[in-house]
Protein chains: 2
Amino acid sequence: MGLIGTKWKPLILFHLLDGSLRSGLLQKKISGISNKMFTQTVRELEKDGLVSRKVFAVVPPKVEYKLSERGRSLENILRSLDT
Amino acid sequence: MGLIGTKWKPLILFHLLDGSLRSGLLQKKISGISNKMFTQTVRELEKDGLVSRKVFAVVPPKVEYKLSERGRSLENILRSLDT
DNA sequence: CTGTATCCTAGATGATACTG
DNA sequence: CAGTATCATCTAGGATACAG
């Protein structure tokens, strides 16, 4: 807990179960999340080592997120929480 | 989620995995919880049907809490969240 | 497109005192 | 012992505007 004990962490992780996603697309999937919370939450997940962030040096900017090994280890729990 | 998405719900449920407990004892096991939050949270858990509350008509008052069937169904998740 | 910076509010939680 | 009532506080979260 603490790792997923927030309103958005579980949802973000859940949507990454199927593979990596571009920042914008991921955010769009999380219906109702504010831009602020999206960035903030993803950063925390990255800091906790559950998600990895990959930045492409292109223009316009491109960023992809995906579950890390540790993130994958929560797959069972995430699918249980589902909803 | 919503069922266990709070600071205390998981802990209370966790401590009931081993069996029923008297109110005071249960609260004492949840280190750091205020009296207010304890009662409030336990009431919500009861309302959600995860915990059952049994009152004994004795003096001094005695109340016991235990997991309901539905509460037990979360056992796996709870043990995973552990910590 | 992706991310940062503010300002602001509702709800969650804590501390304390009190009742049956 | 168990629970309620208040009041004060803290913080997650939302809205908005702006920057690289």
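Each chain gets a letter, A, B and so on, in the order the sequences are listed, and its residues count up from 1.
- Distance A:Leu21 CG to C:dT2 C1': 15 Å, rounded to the nearest Å.
- When atom types are taken as modelled, the side chain of B:Arg53 and the backbone of B:Val42 share no donor-acceptor pair closer than 3.5 angstrom.
- Taking the side chain of A:Arg43 as heavy atoms from C-beta on, and the options D:dA2, D:dT4, C:dT4, the nearest nucleotide is C:dT4.
- When rounded to the nearest whole Å, the span between CD1 of B:Ile33 and P of C:dA15 equals 12 Å.
- Mapping A:Asn35 and A:Thr6 onto DNA chain D by nearest heavy atom places A:Thr6 closer to the 5' end of the strand.
- Remark on DNA chain D: of its neighbouring residues A:Lys7 and A:Pro61, the 5'-side contact belongs to A:Lys7, judged by nearest-heavy-atom nucleotide.
- Side-chain nitrogen and oxygen atoms of B:Arg53 include none within less than 4.0 Å of the OP1 or OP2 phosphate oxygen of D:dA2.
- Between A:Ser23 and the phosphate of C:dG3, there is a side-chain N or O to OP1/OP2 separation shorter than 4.0 Å.
- The closest donor-acceptor contact from the side chain of A:Thr41 to the backbone of A:Lys9 lies at 3.5 Å or more, if one exists at all.
- Here A:Tyr65 reaches the OP1 or OP2 of C:dG3: one of its side-chain N or O atoms lies under 4.0 Å away.
- Mapping B:Thr41 and A:Lys36 onto DNA chain C via the closest heavy atom, the residue that lands nearer the 5' end is A:Lys36.
- Residue A:Met37 has its side chain nearest to D:dG14 when only D:dG14, C:dG3, C:dT13 are considered.
- Between A:Phe38 and A:Ser23 the shortest side-chain heavy-atom distance falls below 4.5 Å.
- One can place CD of B:Glu44 at 10 Å from C1' of C:dA12, the figure rounded to the nearest angstrom.
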